[in-house]
Structure formats: C-alpha cells, structure tokens
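Comments concern the structure below.
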Amino acid sequence: MSTEILVNRRSIRKYKNTPVPADLLDKILEAGTFAPTGMNRQTPVMVAVTDKETRNFLEKENAKVMGDETKKPFYGAPVVIVVFHNPEIYTSFEDSCLVMGNLMNAAYAVGLGSCWIHRAKDVFMTEQGKELMKKWGVPENYIGTGNCIIGYADEAPEAKPRKEGYIIKIG
C-alpha cells in the first residue's frame with residue numbers, strides 16, 4: 001500500500017501565474033465527490049471559481065474578515081473551490097471537511113498545489129456572500145466550510161517533524 005500522496009502533500013502558499021487546465025480541475029472535483037459522507041447523503045456542495053474577477057472578489061472579502069485588506073490570503077492561486085455544508089444534516093460539516101481533504105490530496109496527485117483557507121463561513125454570511133450563493137444556486141441555508149485554493153506550486157516546503165504523542169496504541 002502506498003501512502004506517498006498522503007505523506008508528501010503540503011499546504012502551498014506561493015503559486016505560479018499559470019492557469020489550471022480544465023481536465024485537471026475536473027479530476028480534482030470528481031475526487032471531491034467521492035469523499036465519504038454520512039449515510040452517503042452527499043450533502044456538501046463545491047463551487048469551483050476560475051473567473052479571475054470573482055476569485056479576486058472572494059480574496060478581498062476573505063482579507064476583510066481577517067481584518068487586513070492588504071493581505072492576499074489566496075497566495076496567487078488561480079482556482080478557489082468553495083465547499084459548503086448543510087447545517088440541518090448532522091454529519092454535513094464533517095462530510096464537507098472530508099471533501100476538502102479529498103480536493104487537496106487529488107490536487108497533489110495530479111501535480112498541483114493546494115491549501116485550505118478558512119473564513120468561508122464568515123464571507124458567505126455577508127450580504128455579498130449571500131448574493132453569490134444565490135447566483136451560484138447554493139441553498140441559502142448552507143454554510144461555507146472552507147476555500148480550497150489550487151494552482152501550480154512555486155515553492156516546495158519541507159514537512160515539519162511530527163509531534164510526540166500524536167499516536168497512542170492500545171493493545
């Protein structure tokens with residue numbers, strides 16, 4: 001059994017100014033749809049944003065939530081996949097977190113970098129965020145789980161040492 005993808009994937013915070021080919025993005029999105037979900041309900045929703053204007057708007061709104069509009073929290077990544085969950089379904093948040101994991105691992109598997117960027121919940125609670133959700137067809141009760149930024153990595157960070165006590169074996 002090979003765990004190479006899972007062990008070697010890193011969060012990327014510097015991207016090349018190169019578009020992500022549509023076929024690779026489609027493979028990543030497909031992998032997201034195969035994340036496990038409670039009772040196979042498949043309730044998370046992914047919105048893939050490749051339009052530069054919308055991507056830049058989302059980044060600006062994300063920076064506002066951070067409290068510093070000069071920041072660039074998407075680090076130059078050309079693609080943002082926003083993952084949403086349905087708070088009315090008990091496992092939906094956890095399901096959407098698994099979708100985020102699949103997206104990041106799939107990106108690495110096809111030669112791309114990725115990073116989970118928080119604050120999707122806050123951005124999509126604003127009036128502008130709610131308007132985007134409506135425009136995109138995302139149910140209004142859904143909540144943003146995270147932003148998965150994707151692109152060609154312009155850095156190769158090393159793994160940090162694993163902490164002591166991370167694993168406890170019984171028996």
Side-chain angles (χ1 to χ4, degrees), residues 1-37 42 44-85 93-124 129 132-133 136 138 142-163 166:
M1 175 176 99
S2 175
T3 59
E4 182 179 327
I5 289 170
L6 301 174
V7 171
N8 292 327
R9 188 209 65 79
R10 299 281 167 270
S11 292
I12 302 299
R13 293 178 180 84
K14 187 176 180 187
Y15 293 86
K16 295 177 182 174
N17 188 18
T18 306
V20 172
D23 64 320
L24 294 185
L25 180 56
D26 288 344
K27 287 179 182 181
I28 293 165
L29 291 165
E30 180 184 28
T33 70
F34 280 91
T37 60
Q42 303 176 34
V45 171
M46 298 174 282
V47 177
V49 178
T50 57
D51 167 57
K52 193 171 188 170
E53 183 179 327
T54 305
R55 180 228 165 269
N56 290 346
F57 173 80
L58 291 174
E59 182 173 52
K60 181 180 172 191
E61 293 303 304
N62 197 288
K64 278 185 192 176
V65 172
M66 289 176 74
D68 186 349
E69 293 184 48
T70 65
K71 297 266 185 192
K72 299 289 185 193
F74 292 171
Y75 304 106
V79 176
V80 179
I81 303 172
V82 186
V83 177
F84 294 90
H85 68 278
F93 174 73
E94 292 83 354
D95 297 344
S96 64
C97 290
L98 290 166
V99 168
M100 289 286 291
N102 270 26
L103 294 173
M104 292 183 291
N105 288 324
Y108 182 76
V110 298
L112 297 168
S114 67
C115 189
W116 181 325
I117 305 298
H118 286 294
R119 297 171 294 278
K121 177 180 179 180
D122 300 303
V123 168
F124 289 97
L132 272 179
M133 288 173 65
W136 295 341
V138 176
Y142 272 50
I143 296 172
T145 301
N147 304 286
C148 181
I149 59 171
I150 293 174
Y152 287 97
D154 199 16
E155 67 174 354
E158 293 290 322
K160 293 187 173 151
R162 303 295 94 179
K163 69 176 188 167
Y166 213 147

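- Between I143 and F93, every side-chain heavy-atom pair lies at or beyond the 4.5 Å cut-off.
- You'll find the side chain of L58 reaches within 4.5 Å of the side chain of L132, heavy atoms only.
- Using a 4.5 Å cut-off on side-chain heavy atoms (C-beta onward), F57 and E61 make contact.
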Given the rule in the side chain to side chain contact (heavy atoms under 4.5 Å, CB included) test, do Y75 and S11 qualify, once you have shown the distances and angles that lead to the verdict?
CA-CA 11 Å; Y75 304 106; S11 292; over 6 Å; no

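- Closest approach of A107 to G113, counting heavy atoms only: CB-O, 4.3 Å.
- Between A77 and I150 the shortest heavy-atom distance is CB-O, 3.6 Å.
- Looking only at side-chain heavy atoms (C-beta outward), R9 and S114 come within less than 4.5 Å of each other.
- In this structure, the side chains of L112 and Y152 come closer than 4.5 Å at one or more pairs of heavy atoms.
- Closest of all the heavy-atom pairs between S96 and H85 is OG-CB, 3.5 Å.
- Between atom CG of residue L98 and atom OG1 of residue T37 there is a gap of 9.0 Å, rounded to the nearest 0.5 Å.
- Annotation: side chain of T33 is in contact with side chain of M46 (closest heavy-atom distance under 4.5 Å).
- For the pair V20 and T50, the minimum side-chain heavy-atom distance is 4.5 Å or more.
- Side chains of R55 and P78 form no contact here, defined as non-hydrogen atoms less than 4.5 Å apart.
- Not counting sequence neighbours, the partners of F124 by the ring pair (Phe, Tyr, Trp, His ring centres under 6.0 Å) test are F84, W136.
- Minimum interatomic distance between P73 and I117 (heavy atoms only, all atoms of both residues): O-CD1, 3.4 Å.
- Electrostatic pairing of E30 and K27 does not count as a salt bridge here, judged by no charged N lying under 4.0 Å from a carboxylate O.
- In plain terms, the two heavy atoms of C115 and I12 that are nearest each other are CB-O, 3.4 Å.
- For D23, the CG atom counts as densely surrounded, since its 6.0 Å shell holds more than 12 non-hydrogen atoms of other residues, nucleotides or ligands.
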Decide side chain to side chain contact (heavy atoms under 4.5 Å, CB included) for I81 and V99; before the verdict, give the C-alpha distance in whole Å, the side-chain angles of both, and the deciding distance to 0.1 Å.
CA-CA 11 Å; I81 303 172; V99 168; over 6 Å; no

